[in-house]
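This one's a predicted model, so the numbers in the text were calculated from it and none came from an experiment. Residue numbers start from 1 in every chain, and the chains themselves are labelled A, B, ... in the order their sequence lines are given, proteins ahead of strands. What's counted below: heavy atoms across the whole structure, side chains too, no hydrogens, waters or symmetry copies.
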2 protein chains.
Amino acid sequence: MNKSQKLSAGRNDKDAVLSNIALLYYGEGLTQNEIAKRYKLSRATIVNMLRECRERGVVEIRVDGQLLAASSLGRDLAERYGLQDVYVALDRGEGAEATPRRDQLAQVSRVAAMAILDIVEPGDQIGVAWGETIAAVAKAMPRNPVPDTQVCQLIGSQESARVPASEICAIEVANKLGAQCHTLHAPGIVSSAGLASALRSEPTIQSQLARLSDLDMTIASIGHVGDDTHMAAADIASVQELDQARHQGATGIICCRYIDGNGEEIRTAPYDRVIAASVADIKAAPKKLLVVCGRDRLAATRAAIKGGLVTHLVLDRELAEALMAE
Amino acid sequence: MNKSQKLSAGRNDKDAVLSNIALLYYGEGLTQNEIAKRYKLSRATIVNMLRECRERGVVEIRVDGQLLAASSLGRDLAERYGLQDVYVALDRGEGAEATPRRDQLAQVSRVAAMAILDIVEPGDQIGVAWGETIAAVAKAMPRNPVPDTQVCQLIGSQESARVPASEICAIEVANKLGAQCHTLHAPGIVSSAGLASALRSEPTIQSQLARLSDLDMTIASIGHVGDDTHMAAADIASVQELDQARHQGATGIICCRYIDGNGEEIRTAPYDRVIAASVADIKAAPKKLLVVCGRDRLAATRAAIKGGLVTHLVLDRELAEALMAE
DNA sequence: CAACCTTCTTTACAAATGTCAATAAACAAT
DNA sequence: ATTGTTTATTGACATTTGTAAAGAAGGTTG
């Protein structure tokens, strides 16, 4: 047997080595060759270990949230609309040609992940909504325990081809925060108002929904009311229902609830078949993080702000500039 | 003027760009060229910005503390000595030739920095000692606010050629934790016991010292009692005093206080001229982090453990193996 | 407007890293 | 002891990054 060290020890010793190697590389700035020499392993093995560190979250990167909220555009928006903080995600420089929405969403969700760590405090009870944007935020969050926190699922269970089920989002955020997780033991949409009412009256679900009226913080996105909204994709609202909602003045969708241009809830179909937090629940939380990507959500974002549904805002530059231009 | 973007905007906009670029590079994994293209800047400018991000702590790296405490050696030591966690710093592989003490101390201090983030909790009142090891730990800590924390300087002000003054260590730890800092407005050593007593009786200093008896956590190292100890280098103890202390059974030095092999305080010169927390103060804290580097501190480390002065231990592999071999 | 300073760009080159296929070594199961 | 599986190594090569010097561009000051 040659002199190189083999790692046939248990999983925990492997983890200890991985974490130490991560510190040597990312913290101390040693090269892969230097580490390989110290550990008597090949550089390829070190490369594989560092990749495993990144993949498993052994090492996490954190960027100062306050700097992300430092831009003059963000501060002007915060002042203009009376928000506490506005984080403008800059996935590219000014004047540079547009990146695909996927790239913009990637940066918006990373900025939001950093913002959450800035905003959340120990003891917080946090409501987490569901959708493509929220799923991306959950995924982007580093593992960063905040003591004594609880995460509550805001929208009943629902599957979608586009994103993981709603409880998966909440559980992922809870895991990243080391929080206790309260899922909502009901589907997000049922076939009749009567059934929905019956479910809401179930003691377990009733107490779960009651909890949602006493949140310290919410994490949500706002959707537009076009036919390609997430709500349609998830079979929560039909095209006809969306059309009727638009006719009644619906400007945005937050937490599967319609709001008009003033942020007032519009109780039109499928309103009474939905099992989720209400707009009043969201409004009641002291800290309300809204994460939005895309200029097509301008009217919806403005409506949410106007309705008092936002205290902290994460958005991309185009949307920020559009909000500023009004 | 060509198409590239210049950054003559204010400091805050620069910070916003820096933090976003840090997220794109470290978080999203884009290459420097990809970011340069998006921002219409040169790759050299991106390189400079990333360096500035690292230097200013815009981006911080964090390694999971629990994995650092996961090794079988660490867990065995914890069980053997009744400690909560033992973090073994592995600056190289088993059987590899020794690295210089400086390199070992670098890794021990990085591991300790990660351990601190694991241990400290919101609301904690934290005592910070002083010495070469503690200074390295303070420097290695990433900026990671923990709400409602207070940092207290355990040893009166003292300068040394080797390390920054004791209040500088405490202030640095406080800054990294976003904690309130309570410095000790007295020198660490004075020329007479009478003067020390008079200073301790001063209301301000008295209340500062009183605070040290009610700590939630301490961060300290343990020194040996050889002639080259930090205490001598800092002109706190003379060679004669050290010799006398050894004769009286002194085995280690913690917080400028001698302890014997059982961890009991030895009140010999310069005991009554020192203005610092007492051994009883340290023992009273529920969480006691001891950070040690070097096999020459084996006896001192064992004494500290035996004296109930340690709940969490960070040490290098040699020292860990030596502790295990007893 | 000129001079000076700061910041950015260009270019080159060395070093480091990422990736991958083939092979070797270690480990586990039979 | 053999076979199969898993992990590590070797070697090669492309890409990325780090560094630095020289020059260009932008901004500030007098």
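Note: CD (A:E55) to C1' (C:dT19) measures 14 Å, nearest angstrom. Atom CD1 of A:I21 is separated from atom P of D:dA8 by 10 Å (rounded to the nearest Å). Rounded to whole Å, atom P of C:dC20 lies 11 Å from atom CG of A:N48. Spacing between atom NZ of A:K14 and atom P of D:dT6 amounts to 14 Å, rounded to whole angstrom units. In this structure, B:E52 places its CD atom 14 Å from C1' of C:dC8, rounding to the nearest Å. In this entry the distance linking CG of B:L41 with P of D:dG26 reads 13 Å, nearest Å. Distance, B:K37 NZ to C:dT9 P: 15 Å, rounded to whole Å. In this structure, A:M49 atom CE and D:dT9 atom C1' are separated by 13 Å, rounded to whole Å.
Electrostatic pairing of A:K40 and B:E97 does not count as a salt bridge here, judged by no charged N lying under 4.0 Å from a carboxylate O.
Counting heavy atoms from C-beta outward, A:V108 and A:L315 have side chains that stay 4.5 Å or more apart. Using a 4.5 Å heavy-atom cutoff, the side chains of A:D64 and A:M114 are not in contact. In this structure, A:H230 and A:V163 have side chains that are in contact, with non-hydrogen atoms separated by less than 4.5 Å. In this structure, B:N144 and B:K176 have side chains that are not in contact, with every pair of non-hydrogen atoms separated by 4.5 Å or more.
A close approach under 4.0 Å does not occur between any side-chain nitrogen or oxygen of B:S42 and OP1 or OP2 of C:dC8.
In this view, A:Q104 and A:D91, A:R92, A:T99, A:C293, A:D316, A:E318 satisfy the side-chain contact (heavy atoms from CB on, under 4.5 Å) rule, not counting sequence neighbours. A:Q66 pairs by the side-chain hydrogen bond (donor to acceptor under 3.5 Å, both in side chains) definition with A:D118, not counting sequence neighbours. Residues passing the side-chain contact (heavy atoms from CB on, under 4.5 Å) test with A:D296, sequence neighbours excluded: A:H224.
The overall bend of the helix from C:dC1-D:dG30 to C:dT30-D:dA1, read as the angle between its terminal helix axes built from five base pairs each, is 40° when rounded to 10 degrees.
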Next item on the list: Mark up nucleotides 12-18 of chain D, 5' to 3', with B wherever a protein heavy atom is under 4.0 angstrom from a base atom, S wherever such an atom reaches only the sugar-phosphate, and - elsewhere.
Entry: B---SBB

Would you be so kind as to tabulate the donor-acceptor pairs closer than 3.5 Å made by side chains of residues 70-79 of chain A, with sequence neighbours excluded?
from  : atom 1 : to    : atom 2 : distance (Å)
A:S71 : OG     : A:G74 : N      : 3.0
A:S72 : OG     : B:D13 : OD1    : 3.1
A:S72 : OG     : B:D13 : OD2    : 2.7
A:R75 : NE     : A:A70 : O      : 2.9

